[in-house]
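One structure is given below, encoded as structure tokens.
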Amino acid sequence: MRICLPLIALSSMLVPLSAADLKVSDLRIGVGSVPLPKKVDETYSAGGGSSRTSGGYSYDTNGSQALAFSLGYTGAKLQPHGLVYGIALQFAGGQYSPRSKSSGAPNQRALNYTQYLPVVRVGYGYAVSTTFHFEITPYFGYGLARTQWSDNGTKDASYGSMLIAGLSVTGMAKLGRGWSVGGELGGQVMKGSVSITNPATGGGSDLDLKGGGLLAQVLLGYQF
């Protein structure tokens, strides 16, 4: 009897964990970081005030991270596992400094970069209990990218397109009264293009932006 009582108590604790039903219908705000471009390939067309010739130039960057903010919705019905889906608007911005790998092209320093894009995710969720669950979701986003670029010491900026894709793991815990808190960690790749014409030199730069790295953010959610 002394052995049975602890086993009964233990089993009563484990049953909810193995058969938890959980509805997720959250508005979420996220703050964290995403990768900036790590490689830039430039196709340059010289203008009347250019100090370098037309041609192709390559650059590596310092691998910095951008500060990122997101606002979106996530939904799921976990019994105890099931499909998780979501959409969010992401804004990210920071500075990067491409270093030239080609002769005749100077290093770029402290360039401002921003991106604005919707991000869609669909994946798998598992409810550990009625108050905590995991999400494993592939995601992708497509939107606008804006970067500065320097020509003969004069910076200018323009908009282009950016595609991102990745895989992340999210954990969310309910706090009560509809609120929840959690975190997201994953890996992300990016590929985009921006064309810039510098008015001071008349030179034009077609930029291919590539990169990848860590996605990390803290999440605050409210269920409705």
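On a predicted model such as this, the values are computed, not experimentally measured, just so you know. Position 1 is the first residue of the sequence; numbering continues from there.
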So how far is it from [X] [atom1] to [Y] [atom2], rounded to the nearest 0.5 Å?
X      : Y      : atom1 : atom2 : answer
Met172 : Ser180 : CE    : OG    : 3.5 Å
Gln79  : Lys23  : CD    : NZ    : 12.0 Å
Asn112 : Thr147 : CG    : OG1   : 8.0 Å
Lys77  : Tyr85  : NZ    : OH    : 10.5 Å

Run the side-chain contact (heavy atoms from CB on, under 4.5 Å) test on Val169 and Thr137 for me, step by step, so that the C-alpha distance in whole Å, both residues' side-chain angles and the decisive distance to 0.1 Å come before the verdict.
CA-CA 7 Å; Val169 177; Thr137 52; over 6 Å; no

State, to 0.1 Å, how close [X] and [Y] come at their nearest heavy-atom pair, and which atoms those are.
X      : Y      : value
Ser50  : Gly203 : OG-CA, 4.0 Å
Ser161 : Ala145 : O-CB, 4.2 Å
Thr61  : Lys39  : CG2-N, 4.1 Å
Pro35  : Gln65  : CA-OE1, 3.4 Å
Ala110 : Lys155 : O-NZ, 3.0 Å
Ser54  : Ala46  : OG-N, 2.9 Å

Can you find a pair of side-chain heavy atoms, one from [X] and one from [Y], that are under 4.5 Å apart?
X      : Y      : result
Leu175 : Val181 : yes
Val84  : Leu78  : yes
Glu42  : Ser58  : no
Leu185 : Leu214 : yes
Thr114 : Phe91  : yes
Pro199 : Asp156 : yes
Ser64  : Gln95  : no
Trp179 : Leu220 : yes

Step through the shown structure and confirm whether more than 12 heavy atoms of other residues, nucleotides or ligands are within 6.0 Å of CZ on Phe140.
no

Hydrophobic clustering (ILVMFWY, side-chain heavy atoms < 4.5 Å, transitive) - are [Y] and [X] grouped together?
X      : Y     : answer
Leu71  : Ile87 : no
Leu144 : Leu67 : yes
Phe224 : Leu22 : no
Tyr73  : Ile29 : yes

Can a donor-acceptor pair be found, under 3.5 Å and without considering hydrogens, that links the side chain of [X] to the backbone of [Y]?
X      : Y      : value
Ser158 : Ser195 : yes
Glu184 : Leu219 : no
Ser100 : Asn107 : no

Do the ring planes of Phe134 and Phe132 sit parallel (below 30°), tilted (30 to 60°) or perpendicular (above 60°)?
perpendicular

Taking atom types as modelled, is there a side-chain donor on Ser193 or Asp208 under 3.5 Å from an acceptor on the other?
no

Quick one: do the Thr74 and Arg121 side chains pair a donor with an acceptor below 3.5 Å?
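Absent: no donor and acceptor within the cut-off.
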
Salt bridge (Lys or Arg N to Asp or Glu O under 4.0 Å): pairs with one or both residues in residues 134-152, sequence neighbours excluded:
Arg28-Glu135, Arg52-Asp151

Please determine if Asp60 and Lys101 form a salt bridge, counting it only when a charged side-chain N lies under 4.0 Å from a carboxylate O.
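Between Lys101 and Asp60 there is a salt bridge, with a charged N closer than 4.0 Å to a carboxylate O.
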
Any chance you could pull the hydrophobic cluster mates of Ile196, using side-chain heavy atoms under 4.5 angstrom and chaining through other members?
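Members alongside Ile196: Val34, Leu36, Val40, Tyr44, Tyr57, Tyr59, Tyr96, Leu111, Tyr113, Leu117, Val119, Tyr139, Trp149, Met162, Ile164, Met190, Val194, Leu207, Leu209, Leu215.
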
Side chain to side chain donor-acceptor pair (under 3.5 Å) with Thr131: which residues, sequence neighbours excluded?
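Scan of Thr131 (side chain to side chain donor-acceptor pair (under 3.5 Å), adjacent residues dropped) gives Ser129.
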
Go through the steps for Gln223 and Ser25 under the test side chain to side chain donor-acceptor pair (under 3.5 Å), then give the verdict.
CA-CA 5 Å; Gln223 181 162 323; Ser25 182; over 6 Å; no

Decide yes or no on side chain to side chain donor-acceptor pair (under 3.5 Å) for Gln90 and Ser70, but give the supporting numbers first.
CA-CA 4 Å; Gln90 182 195 92; Ser70 65; over 6 Å; no

